[in-house]
Amino acid sequence: MGTLSLPRTVSVLGSTGSVGVSTLDLLGTLGGPVRVRALTGGRNVSLLAEQALKWRPEVAVIADPEGVEELARRLRGTGIAVEAGEGAVRTAAALQADWVMSAIVGFAGLAPTLAAVESGAVVALANKESLVCSGPALLRRARLSGGAVIPVDSEHSAIFQTLDPTQASQVSRLVLTASGGPFRTWSSERMSAATPEEALAHPNWDMGPKISIDSATMMNKGLEMIEAAYLFGMEPDRIDVVIHPESILHSLVEYADGSSLAQLGAPDMRTPIAVALAWPDRVAWPAPRLDLGSLGRLTFEPPDENRFPALGLARQALRAGGPAPGLLNAANEVAVAAFLDRRIGYLDIAAIVSETLDKAGSENLGDDMADLMADDLLEQARRVDQAGRRLAQAAVSALRPSGGAA
């Protein structure tokens, strides 16, 4: 077991979610002189207070203002500043830190991620939506600030580890692997009656509700295609997806000479977190090790876009560019929430996203959300997000539950 070679100041945005919990677990396992500047959580006051008492950050922020009194009571006398609300989360994200984990789920993570990027920190990015909604501008601002964005999604971490920047022009394509989720072998008829509980039962990964539903629909892989295009400067037609149920091979890079380089590892989020934490070095920790002999075989199959149309919708949005990826993300967030609330059926999620993209063509959303130097970048992204949510909410209201809804 190793320790970090240099003292680091760290902030964890979304510390009460699955990635945030794994991050703090890894830091605890490593030991070493880590000083936590900020911890932020959404609504889980109890867990945030427990984390704050252990790590003693300078500030603990609960995004939901209704939890601030309880958080303040639990942390009274500790000297830890207690704040609440979206503005406080963004302020905490802007605190000078060497390394910031951005793990807030959804569009809500964009503003804090942008604040962390502009502070010059190394940002470990687990928030898909930041890149999907404002990827080119976000990455440009990271470069201008002297910081860096290191992907934490296992797929992008795999590509980050295997893509040689000096040979980027020789890359033929990127291949993202997908577990296939809990419905990989289900028919469309069976999926039409799927319940939230069934969709949340991921076979390999322990994730939060929204990400788990995205895995079931394969929208997570669609969002990851958009991320990969921005992160690695790759055209949409050079990014493919393959189903790999074992979740051992996490993605691969195919070069012009026919060589394909892949990264393998046990399905444990602490591994890509460790990669981001120690970058550009490596850090030893008691990671789960692969025993290929015990695994026996690794299997692969092409995705079925008829049963999982979210993949095609994401590629459509990526090709369209401009506000389309942001609209896709907004509609998906609305539809997933409605499904979890049992207001729509499982198959309605992709239908609502598709309808939103179709209807958005008549909306005046601006020429290009990805204006790299625009001072109003966040406002542009918010305007697109609000338009997408409005259209998606109208589609939800117009639907009668098609299955799996009470």
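FYI, side chains are in, hydrogens and waters are out, and symmetry mates aren't considered; it's all heavy atoms of this structure.
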- request: Give the minimum heavy-atom separation between A276 and W99, together with the two atoms involved.
  value: O-NE1, 3.1 Å
Residue pairs involving residues 112-122 (criterion salt bridge (Lys or Arg N to Asp or Glu O under 4.0 Å); sequence neighbours excluded): E118-R141
query: Can the ring centroids of Y346 and F183 be said to lie less than 6.0 angstrom from one another?
result: yes
Any side-chain donor near an acceptor of the partner, D25 and S22, under 3.5 Å: no
Salt-bridge contact D240-R173 (side-chain N to carboxylate O under 4.0 Å): yes
field: Point-to-point distance, once rounded to the nearest 0.5 Å, from CG of L231 to CD of E155
entry: 12.0 Å
Interatomic distance, S134 atom OG to L378 atom CG [nearest 0.5 angstrom]: 7.5 Å
- prompt: Considering residues at least two apart in sequence or located in another chain, which fulfil the salt bridge (Lys or Arg N to Asp or Glu O under 4.0 Å) criterion with E58?
  reply: R35, R37
task: For L48 and L71, run side-chain contact (heavy atoms from CB on, under 4.5 Å): C-alpha distance rounded to whole Å, both residues' side-chain angles, the deciding distance at 0.1 Å, then the answer.
output: CA-CA 8 Å; L48 181 59; L71 183 62; 3.8 Å; yes
query: If you draw a 6.0 Å radius around CZ in R319, do more than 12 non-hydrogen atoms from other residues or ligands fall strictly inside?
result: yes
field: Heavy atoms of other groups near E66 CD, more than 12 under 6.0 Å
entry: no
message: Check this for me, if you would: do E197 and R342 make a salt bridge, where the nitrogen-to-carboxylate-oxygen distance has to be below 4.0 angstrom?
response: yes
- prompt: Closest approach of I104 and V89, non-hydrogen atoms and distance?
  reply: CD1-CG1, 3.8 Å
- prompt: Which heavy-atom pair separates A360 from L327 by the least distance, and what is that distance?
  reply: CB-CD1, 3.4 Å
task: Using a cut-off of 6.0 Å, state whether more than 12 heavy atoms not belonging to E86 lie near its atom CD.
output: no
statement: Checking L311, I349, L328 against M219 for side-chain contact (heavy atoms from CB on, under 4.5 Å), the one that qualifies is L328
Residues K359, E355: salt bridge by 4.0 Å N-O rule: yes
query: Is the number of heavy atoms from other residues, nucleotides or ligands within 6.0 Å of CD (E301) greater than 12?
result: yes
- request: Could you go through the side-chain hydrogen bond (donor to acceptor under 3.5 Å, both in side chains) check for S157 and Q161 one step at a time?
  value: CA-CA 6 Å; S157 178; Q161 294 177 65; 3.0 Å; yes
message: Testing the basics here: between P272 and S154, what is the closest heavy-atom pair and its distance to 0.1 Å?
response: CG-CA, 4.3 Å
- prompt: Picking from R383, R382, R389, what satisfies salt bridge (Lys or Arg N to Asp or Glu O under 4.0 Å) with D385?
  reply: R389
